[in-house]
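Okay, so here's the structure we're looking at.
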Amino acid sequence: MNIRQLLDQRVSNALISAGASKDVSAVIKQSNKAQFGQYQANGVMGAAKKLKMNPRQLATQVVDALDLSDIADKVEVAGPGFLNIHLKPEWLSQQLELALNSDKLNIEQIKQPQTVVIDYSGPNLAKEMHVGHLRSTIIGDAIVRVLRFIGHRVIPQNHVGDWGTQFGMLLAHMNDLQSVDNELSMQLSDLEAFYRDAKKRFDAEPDFAKTARAYVVKLQAGDPNCLLLWQQFIDISLQHCEDVYQRLNVLLTRNDVMPESAYNDDLPQVIADLRDAGLLTEDQGAQCVFLEEFKGKDNKILPAIVQKSNGGYLYATTDLAALRYRYNKLHADRILYFVDARQSLHLNQVFAIAKKAHFVAPETQLEHMAFGTMMGKNGKPFATRDGGTVKLIDLLKEAEQRAFDLVNEKNPDLDEAERKAVAQTVGIAAVKYADLSKNRSSDYIFNWDTMLSFEGNTAPYLQYAYARIQSIFRKAGEFDHNAILNLIETPEKQLAIKLLQLPEAIEIVSKDGTPNILCNYLFELAGNFMTFYEACPILKADKEIKNSRLKLAKLTAKTLKTGLDLLGIKTLERM
RNA sequence: GCGCCUGUAGCUCAGCUGGAUAGAGCAACGGCCUUCUAAGCCGUGGGUCGCAGGUUCGACUCCUGCCAGGCGCGCCA
């Protein structure tokens, strides 16, 4: 049950009865003051302006036409024309019961499910994943979970970079090390160092550089030995990624990997089809697509180069092939790209070209869910002292270590295995939440301490609220599930209404790809629970009150678990 | 030069299609553990929402200009 949607329909209809046009919006919002009820309709004033009416007069007419007697105690006109809606406690109780007895918290499945392709993570297999890959990976993953939860058919796509000139030097370096026993497998355990070594040799040793270039040519020509070596490297690199995914509790598996190289065979056809569509222009020897909507300096149209003057293809070509595959083979209705904001121009060009070339349908939704670059404390692009980026795996290990230190301090009575397990869950959760809870399309600051904080608006706070509830139930024994849920105290009422607002958060997240809305909701929910927990004793209360409060606690736990699960964050029975 | 993004409390950030007195967390200060886990709760202090105009009954939100930062603009991805 989405209360906002329900009220939107009812109030919109009342507005129309009162004379407003069909496209009127009731503008239903959650009230930020208890005195204004739980919801308010702000659309009357806008509608009055269009009708050239006195807003308060229209508001009165809307109230007359509005029948909310089944769900609200009163609807009052306030200020210049607000409608304040006070929901019935009995109706709220009834909704809470429905959520409690439903396996999906009484959240409706979407009426018209779409096939949604989600492009996320997409690491470059030449190197190890670093902290910059975090955002795409975990935001994309959260959106996969949310869209699936409400009934969409979701197809994750991990568009990994497994092709390009850099593999020449890596393969050449591999080949040299292969002759030394065990040296190769050892060196490949640290891909970052392996890449650095290869690069160093490439820059310093002319013979090596020559061999490396030859390897690129051989690889592209399909030389069997070269392909074998390449496949070996890719397997190891993917294994590194999978270790990180597993640690991060991210859904991606090898089945979701659709690497760049998979599109190689289709690239000449992409060019041919662009030519047939009349979109191709040769410029300075390169094959380009010029679209009027993309203008650069002096009002000159910016090209999207799809084939180099030497015949080679570029990432625009690959992305077009991928887009076509996603539409033709995966039957996507909507394709979401969780990719760095710096690729905004590139992706918008690709989208526009794909539409013009009919690689996708006119109504196919193509959306770049952009996010900013990771910066250091000084506001400059993030880098460690030696100039490299921080490996993602190192951040995760540090998170687990700090969490372990804290568990040892807070809860020394747990046995070591459980303390380790708690530390792992809490540490990873903290890192994920730190990133998921921000909505920055611009650049953002990477900071060890905020990322690894366990206090305040963090994942451990939410996990702690959950663990507290579980503790209550361990002590409560059986409780009467038929007991009446009675909302009396203010903290009970505030918790109750918050419990019913998860669908509204999910609605926004599924539309905009913004998990921070869900984070914010869960933080508020946990906060309302904490207040309730402090103010309203549960186990010590009289039987009826106790049972009623146990129900509220039960639903809070259920909602927290569901919400955290949608974020890819695990809950704990105790911590 | 052109384009995209960003500017909210000391720090990190919320603020949903314009709505009522701009909210959290951290940091600071003051309370609360013989009572369901103190990773918590309650309270205090702290903001010309970058600046200046405009639209509106009403602007952090929309429009214009300026200032500051980041990023992107032909054969890397």
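Every chain is numbered from 1, with letters handed out A, B, ... down the list of sequences.
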Check: A:Y215 ring centroid to A:F167 ring centroid under 6.0 Å: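 No, the ring of A:Y215 stays outside the 6.0 Å limit from the ring of A:F167, centre to centre.
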
Pair A:F351 + A:H368: ring centers closer than 6.0 Å: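 A:F351 vs A:H368: aromatic centres not under 6.0 Å.
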
Are OP1 or OP2 of [N] and a side-chain N or O of [X] less than 4.0 angstrom apart?
X      : N     : result
A:K410 : B:A39 : yes
A:Y461 : B:C41 : yes
A:K511 : B:U17 : no
A:K300 : B:C2  : no
A:K29  : B:G18 : no

Contact class for [X] (heavy atom, under 4.0 Å): base, sugar-phosphate, or nothing?
X      : value
A:E504 : nothing
A:I28  : base
A:N310 : nothing
A:S471 : base
A:C519 : nothing
A:A286 : base
A:L406 : base
A:N516 : sugar-phosphate
A:N84  : base
A:A370 : nothing

Toward the 5' end of RNA chain B, by each residue's nearest nucleotide, A:R468 or A:L314: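 In this pair, the answer is A:R468.
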
Residue mapping more 5' on RNA chain B - nearest nucleotide basis, A:Y313 or A:N520: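 Its nucleotide being nearer the 5' end, the pick is A:N520.
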
Interface with RNA chain B, restricted to residues 525-534 of chain A and to heavy atoms under 4.0 Å: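 Residues of residues 525-534 of chain A that come under 4.0 Å of RNA chain B are, in numerical order, A:M530, A:T531, A:Y533, A:E534.
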
Any residue of residues 32-44 of chain A with a heavy atom less than 4.0 Å from an atom of RNA chain B: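 Nucleic-acid contacts, sorted: A:N32, A:F36, A:Q40, A:N42.
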
Listing time: all N or O pairs from protein to nucleotides 44-46 of chain B that are below 3.5 Å?
none

Stacking check A:Y464 vs B:G40 (5.5 Å / 30 deg):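 Base of B:G40: not stacked against A:Y464.
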
Residue pairs, two or more places apart or on separate chains, that pass salt bridge (charged side-chain N to carboxylate O under 4.0 Å, His left out) and touch residues 305-323 of chain A: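 Every candidate salt bridge (charged side-chain N to carboxylate O under 4.0 Å, His left out) pair involving residues 305-323 of chain A fails, so no pair, neighbours aside, qualifies.
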
Of all pairs that satisfy salt bridge (charged side-chain N to carboxylate O under 4.0 Å, His left out), the ones with a partner from residues 337-349 of chain A, not counting sequence neighbours: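 Qualifying pairs: A:D340-A:R342.
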
Carboxylate-amine/guanidinium proximity below 4.0 Å for A:R196 and A:E192: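 A:E192 and A:R196: not salt-bridged.
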
Stem list, RNA chain B (Watson-Crick or G-U pairing under 3.5 Å, at least 3 consecutive pairs):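 If one scans RNA chain B for consecutive Watson-Crick or G-U pairs, the stems found are B:1-7 with B:67-73, B:10-13 with B:23-26, B:28-32 with B:40-44, B:50-54 with B:62-66.
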
